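Below: the structure, in structure tokens.
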Amino acid sequence: MAIKLPLRFSILYVLNKAGNQSLTTKEIYEQLSKEYEGEGQFSLDKMENHLMAVKATGIIEAREAYFDEAGEARYKYAITDYGRTRTKYLPPELQN
Amino acid sequence: MAENNANALQLLEAKQLKLAKIGIITGIISGMLWGASGTTLWEALNFEPFTSLWPEAVGSSGAGLEGDAATVHIEYLQMMFGVASGLSLAFMHDFFAALWVLGFNGAKGKFAEYARSLKTTPGKLVCVGAILGGPVGMSGYLLGVTFAGPVYSLPITASYPALAAVLSFFILKERNPLRVWIGVLACICGSLIIAWGDPGVAPNFKLGIALSTLACIGWATEGLFSTYGMDMLDPDVALGIREGFSALVLGLIVLPCIGFYMASKGITADVATSWELVGKTFTMLNSPAVWLCLLGGLFGGFSYIAWYRTLNACGVARGMAFNVTYAFWGVLFGFLMAKIMGREAYITANAWIGAAIICVGAILVSINPKELFKLRDAC
């Protein structure tokens with residue numbers, strides 16, 4: 001991703017790219033770490049907060065729950081139909 | 001495996017329910033902070049430079065006027081001073097709120113998000129919303145506070161969800177349940193009750209009430225634009241952009257326009273312009289005014305931050321319902337501030353009753369009361 005987008009745009013991009021597949025917080029974090037590593041707002045714990053906040057807007061949804069390696073209960077997230085309509089705000093080269 | 005996942009789901013839902021309950025508290029806090037913000041900003045008007053610059057004579061613009069003509073001219077000068085003061089407060093609120101929120105976002109490592117967000121369409125929509133919410137909404141709000149006092153103007157401005165419901169019906173063709181229209185009617189009734197109860201102590205009560213409705217218009221229409229953009233942006237960053245852009249438009253366009261208008265009427269020798277008031281407020285550090293404006297901006301900025309936390313935790317409807325309790329907090333804090341400052345603290349019965357009715361009305365517009373504390377659907 002050459003253009004650095006607002007973090008939540010990038011979350012939408014990653015989940016749109018995943019299609020119908022749901023991703024864990026860690027998987028989303030790892031896909032974005034190259035772009036945002038070193039930023040104060042970007043960490044695995046803070047990614048969970050970002051995802052919960054984006055989930056509240058209806059753009060993504062929590063599809064499944066599981067326990068991670070540390071024994072913490074986590075959600076897996078996927079883009080919603082509403083979220084797909086919002087991908088029009090992504091740069092054209094990132095929309096599909 | 002399936003049982004494991006079911007256990008994880010239970011734990012997560014319990015966690016979200018806990019967050020939703022905390023969201024109720026942050027919702028009430030956001031209402032309290034907004035009530036405190038308006039009260040604090042109003043209090044700044046009781047100190048220099050606002051007190052010594054209050055026009056009490058016809059000045060050079062009214063030279064030769066006597067009797068009733070002189071009285072009318074002085075009242076005109078005082079009204080214009082009120083306008084200049086209210087707008088200077090609106091600018092200072094948004095300016096300081098933008099700085100506080102910038103500091104908050106910087107501490108959270110979100111500074112870079114400002115520029116990234118502004119390059120996007122949702123970011124630009126937030127700027128459009130900022131013009132409606134700031135120069136229109138905040139100006140109307142603080143002009144209302146200036147002319148009618150926070151106790152009477154704050155409840156009127158809390159009717160903005162009702163106006164938003166009406167606009168959404170006509171513009172977005174949204175169908176609203178009966179409860180919403182009852183809420184709209186309650187807000188109108190509450191506003192009329194307050195407007196009918198002139199306490200006789202405000203500079204220009206009826207004008208203040210009318211200007212408070214401008215705040216409703218600004219904030220209701222702001223919602224139509226910025227809500228559409230904000231679901232894709234970090235709300236703390238969107239808020240910082242909103243406050244900063246609003247301060248920019250107020251400072252570079254609105255305040256100078258008022259100055260030009262006053263110059264065209266030949267009254268700038270007798271009435272300080274908004275920019276003069278801002279300049280004097282910033283330089284008179286021994287006066288409480290600048291510190292009260294700084295505090296008002298802090299309360300206002302963090303009221304919004306608390307509000308967005310509530311929206312995320314409990315949903316938009318509950319967030320709005322708890323936030324509009326500021327109508328009541330504004331009455332209470334206005335009363336307490338007067339007591340603390342040793343002034344007469346009489347609040348009319350109309351204010352209490354009207355504020356309570358508006359609170360109930362705004363809550364009805366926002367949510368079915370039965371759903372208010374049913375937090376499971378927020379999870």
Side-chain angles (χ1 to χ4, degrees), chain A residues 1 3-13 15-16 22 24-25 35-43 46-68 70-77 79-80 82-83 85-92 94, chain B residues 1-16 19-20 23 104-126 227-238 241 308-319 377-379:
Chain A
M1 211 193 315
I3 305 159
K4 206 157 185 181
L5 298 170
L7 181 58
R8 293 185 185 198
F9 273 58
S10 297
I11 289 170
L12 183 69
Y13 163 72
L15 286 170
N16 187 48
S22 50
T24 65
T25 304
E35 292 288 325
Y36 298 96
E37 195 77 62
E39 290 190 21
Q41 62 164 344
F42 190 75
S43 69
K46 287 177 183 172
M47 180 57 69
E48 185 70 32
N49 293 336
H50 284 300
L51 289 168
M52 297 282 271
V54 178
K55 172 178 161 288
T57 66
I59 285 179
I60 67 175
E61 61 184 355
R63 284 257 181 97
E64 317 164 30
Y66 68 100
F67 286 105
D68 66 11
E72 286 282 332
R74 301 271 186 207
Y75 280 122
K76 278 186 169 185
Y77 297 90
I79 193 169
T80 60
Y82 174 64
T85 68
R86 309 301 267 156
T87 58
K88 66 184 178 189
Y89 291 122
L90 293 173
L94 298 180
Chain B
M1 176 77 152
E3 191 185 324
N4 232 13
N5 290 351
N7 290 340
L9 191 63
Q10 263 188 329
L11 279 172
L12 285 165
E13 283 178 355
K15 183 179 171 185
Q16 283 211 257
L19 286 173
F104 176 79
N105 283 329
K108 293 210 163 245
K110 295 181 185 179
F111 190 68
E113 290 281 293
Y114 276 72
R116 291 172 199 158
S117 300
L118 280 166
K119 288 179 191 170
T120 66
T121 300
K124 293 178 177 78
L125 283 173
V126 167
T227 308
Y228 198 64
M230 279 182 55
D231 55 2
M232 288 192 66
L233 298 174
D234 185 323
D236 293 343
V237 172
I241 291 172
Y308 290 132
R309 295 282 179 281
T310 308
L311 298 187
N312 281 343
C314 301
V316 174
R318 289 189 192 88
D377 65 347
C379 301

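These figures come from a predicted structure and were not determined experimentally.
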With a 4.5 Å cut-off on side-chain heavy atoms, are [Y] and [X] touching?
{"X": "B:Thr120", "Y": "A:Pro6", "answer": "yes"}
{"X": "A:Gln41", "Y": "B:Asn105", "answer": "no"}
{"X": "A:Arg8", "Y": "B:Pro235", "answer": "yes"}

query = Should the pair A:Glu39-B:Arg116 be classified as a salt bridge under the 4.0 Å nitrogen-to-oxygen rule?
reply =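 Between B:Arg116 and A:Glu39 there is a salt bridge, with a charged N closer than 4.0 Å to a carboxylate O.
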ask   = So how far is it from B:Leu11 CG to A:Glu72 CD, rounded to the nearest 0.5 Å?
value =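 Answer rounded to 0.5 Å: 9.5 Å.
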ask   = Rounded to the nearest 0.5 Å, what separation is found between the CZ atom of A:Phe67 and the CG atom of B:Asn7?
value = 5.5 Å
ask   = Under a 4.5 Å heavy-atom cut-off, does chain B meet the side chain of A:Leu7, its backbone, both or neither?
value = both
request  = Flag yes if more than 12 heavy atoms outside B:Lys124 fall under 6.0 Å of its NZ atom; otherwise flag no.
outcome  = yes
inquiry  = Would you say CZ of B:Phe111 has more than 12 non-hydrogen atoms from neighbouring residues, nucleotides or ligands within 6.0 angstrom?
reply    =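 At most 12 heavy atoms, drawn from other residues, nucleotides or ligands, come within 6.0 Å of this atom.
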query = Minimum heavy-atom separation for A:Ala73 to B:Leu12, with atom names?
reply =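 For A:Ala73 versus B:Leu12, the nearest heavy atoms are O-CD2, 3.4 Å.
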task = Identify the heavy atoms of B:Met232 and A:Ile59 that sit nearest to each other, and give their distance.
result =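 In terms of heavy atoms, the two residues are closest at CG-CD1, 3.7 Å.
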key: With sequence neighbours excluded, residues passing ring-ring contact (aromatic ring centres under 6.0 Å, His included) with A:Phe42   =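 Here the qualifying residues are A:Tyr29, A:Tyr36.
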Top contributor to chain A contacts, counting heavy-atom pairs under 4.5 Å, from B:Ala112, B:Ser117, B:Ala107, B:Gly109 =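 Highest number of pairs under 4.5 Å: B:Gly109.
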